[in-house]
2 protein chains.
Amino acid sequence: MIEGPYIAEAAALIGDPSRATMLSALMDGRALTATELAYSSGITPQTASGHLGRLTQARLVEVEKQGRHRYYRLANAHVAHALEALMNLAVHGPPRHRPTGPRDEAMRFARTCYDHLAGRVGVALAQSLLKSGILEERNGAFEITANGEAWLEKLGLDLASLNKGRRAVASRCLDWSERMPHLGGALGAVLLKELEAREWLLRVDGTRAVTLTKSGKAGLRRNFGISLD
Amino acid sequence: MIEGPYIAEAAALIGDPSRATMLSALMDGRALTATELAYSSGITPQTASGHLGRLTQARLVEVEKQGRHRYYRLANAHVAHALEALMNLAVHGPPRHRPTGPRDEAMRFARTCYDHLAGRVGVALAQSLLKSGILEERNGAFEITANGEAWLEKLGLDLASLNKGRRAVASRCLDWSERMPHLGGALGAVLLKELEAREWLLRVDGTRAVTLTKSGKAGLRRNFGISLD
DNA sequence: ACTATATTTCGTTTAATACCGAACTATGAT
DNA sequence: ATCATAGTTCGGTATTAAACGAAATATAGT
């Protein structure tokens with residue numbers, strides 16, 4: 001009784017195509033300016049301003065003023081989570097005409113999901129970590145093994161700090177394009193950062209797609225036994 | 001790029017107050033008829049019929065014809081999950097006037113969340129299971145301990161069958177009213193069934209609220225050290 | 001056959017809101 | 001000071017879709 005309207009409020013906000021596209025763009029994890037967001041969803045700045053105002057008021061996004069720019073980002077992981085959940089619904093929807101562009105293919109191959117890696121590469125990475133006993137799947141969740149802890153230390157990653165936050169360390173995040181789990185949570189986030197730092201992955205223009213560099217391809221094969229294409 | 005519109009499609013469907021209320025009613029886990037759903041959201045059957053048609057087409061709900069009745073239920077756990085995620089957004093929203101009725105209070109006290117127990121009672125139960133070492137919280141997920149397995153067997157619950165499905169056994173489900181975790185997953189579901197079978201809990205009319213019986217109050221205190229009010 | 005109930009289809013009204021153009025404010029650069 | 005860029009506010013238009021009444025269809029019971 002009580003909750004229907006509240007759900008509707010949030011869902012209606014996300015339910016507008018322009019707003020949904022803007023939120024999608026923010027799934028990147030980064031902050032974008034109002035004009036960038038307007039451009040990304042193909043509307044004029046005036047219209048985007050109105051949308052962003054409503055999204056901010058509803059606490060779905062947060063603003064940060066910097067000079068004459070306003071940087072918008074998703075307000076918290078809950079928002080990203082809800083967007084993911086909706087994405088999974090869309091995929092489970094009716095089999096109907098869904099045109100697949102080249103950009104689409106790039107997204108399916110590798111993309112960011114809020115702050116971790118998704119797509120074929122993300123899923124392959126998760127599978128590799130499971131196979132080599134770094135992660136374990138228990139009761140539908142991911143778990144770092146003793147082996148895994150040692151492996152992390154060797155990588156120079158600070159396990160203690162991962163455990164610090166209230167955030168799940170290794171969460172099992174269902175991939176909408178692959179329908180297989182990829183790795184999220186704090187570990188997923190630092191792993192993506194690490195891959196970017198090594199320049200194995202490069203972010204692409206204004207989308208969430210990422211490309212695999214040559215060294216990345218080699219590195220993934222050498223370190224994780226992943227061969228793609 | 002590609003996904004914005006898809007998210008929007010699902011979200012827009014959920015975003016209508018009448019539809020959201022109907023979906024909420026189905027969070028019960030049970031199947032309801034078209035007229036019951038119409039009544040629950042305060043609209044006429046014609047209007048509800050239209051809504052339900054769209055929800056079915058989008059595979060958010062499923063229909064089963066039985067004579068002249070049509071029973072609607074949520075299509076899958078993904079839908080329930082998305083609704084939960086949206087509910088959490090709503091709670092994290094702006095502090096603004098939210099009238100609280102008596103029915104509201106009943107929901108906050110104890111209710112079903114898809115197929116497990118939520119509300120103050122649900123949260124208290126989860127806390128008790130954690131405290132007595134039946135469950136463990138690891139990396140933001142729930143986990144059954146060795147102690148817990150023994151306890152389950154004593155209760156006559158079949159642990160093997162819980163592990164069978166692909167479903168998580170003990171999932172940590174954020175409670176929107178308490179902002180604390182309650183127990184979901186396969187274990188959450190059988191536990192709710194058990195409590196209902198013992199008549200410790202009774203479902204209330206057409207809502208998701210459940211009431212605690214006298215024996216339930218006593219039982220919870222005796223077996224779980226939970227004292228409410 | 002006849003009646004009652006459940007649900008859908010159709011047509012119309014009405015309310016909400018996304019969108020843009022124009023004008024305005026704020027910040028930064030020259 | 002002047003200009004350019006980023007963003008917002010306001011007003012009007014146009015589209016969408018939610019809602020109901022009326023009437024049709026389907027099933028069950030008598």
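Order of the sequence lines sets the chain letters (A, B, ...), proteins ahead of strands, with each chain counted from 1.
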- Do other residues, nucleotides or ligands put more than 12 heavy atoms under 6.0 Å from the CD atom of Glu194(B)?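 More than 12 within 6.0 Å, yes.
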For [X] and [N], give me the distance from atom [atom1] to atom [atom2], rounded to whole Å.
{"X": "Leu37(A)", "N": "dA6(D)", "atom1": "CG", "atom2": "P", "value": "14 Å"}
{"X": "His69(A)", "N": "dA29(C)", "atom1": "NE2", "atom2": "C1'", "value": "12 Å"}
{"X": "Gln57(A)", "N": "dT17(C)", "atom1": "CD", "atom2": "C1'", "value": "16 Å"}
{"X": "Asp16(B)", "N": "dA16(C)", "atom1": "CG", "atom2": "C1'", "value": "12 Å"}
{"X": "Glu36(A)", "N": "dT5(D)", "atom1": "CD", "atom2": "C1'", "value": "14 Å"}
{"X": "Gln66(A)", "N": "dG28(C)", "atom1": "CD", "atom2": "P", "value": "10 Å"}
{"X": "Ile14(A)", "N": "dA18(C)", "atom1": "CD1", "atom2": "P", "value": "14 Å"}

Proximity to the side chain of [X] - top-ranked nucleotide from [options]:
{"X": "Lys65(A)", "options": "dT27(C), dT27(D), dT8(D)", "answer": "dT27(C)"}
{"X": "Gln46(A)", "options": "dA18(C), dT8(D), dA18(D)", "answer": "dT8(D)"}
{"X": "Thr44(A)", "options": "dG21(C), dT9(D), dT27(C)", "answer": "dG21(C)"}
{"X": "Ile43(B)", "options": "dT8(D), dA22(D), dA19(D)", "answer": "dA19(D)"}
{"X": "Arg54(B)", "options": "dA17(D), dC19(C), dT9(D)", "answer": "dA17(D)"}
{"X": "Arg70(A)", "options": "dT8(D), dA6(D), dT27(D)", "answer": "dT8(D)"}
{"X": "His51(B)", "options": "dA18(D), dT8(C), dT8(D)", "answer": "dA18(D)"}

- Item | Thr33(A) side chain vs His69(A) backbone, donor-acceptor pair below 3.5 Å |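 No, Thr33(A) side chain to His69(A) backbone: no donor-acceptor pair under 3.5 Å.
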- Is there a donor-acceptor contact under 3.5 Å from the side chain of Arg208(A) to the main chain of Thr112(A)? yes
- Query: Should the pair Asp175(B)-Arg108(B) be classified as a salt bridge under the 4.0 Å nitrogen-to-oxygen rule?
  - Reply: no
- Message: Mind checking if Tyr71(A) touches a base, just sugar-phosphate, or nothing, with heavy atoms under 4.0 Å?
- Response: nothing
- Message: If we check side chain to side chain contact (heavy atoms under 4.5 Å, CB included) with Leu37(B), which of these qualifies: Leu55(B), Leu32(B), Thr21(B)?
- Response: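 When side chain to side chain contact (heavy atoms under 4.5 Å, CB included) is applied between Leu37(B) and each of Leu55(B), Leu32(B), Thr21(B), only Leu32(B) qualifies.
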- More 5' along DNA chain D: Ala48(A) or Arg68(A), using each one's nearest nucleotide? Arg68(A)
- Message: Check the phosphate of dA19(D) against Ser18(B), side-chain N and O only, distance under 4.0 Å to OP1 or OP2. Yes or no?
- Response: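 For Ser18(B), the contact criterion (side-chain N or O under 4.0 Å from OP1 or OP2 of dA19(D)) is met.
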- Thr47(A) or Gly67(A): which one's nearest nucleotide on DNA chain C is closer to the 5' end?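 In this pair, the answer is Thr47(A).
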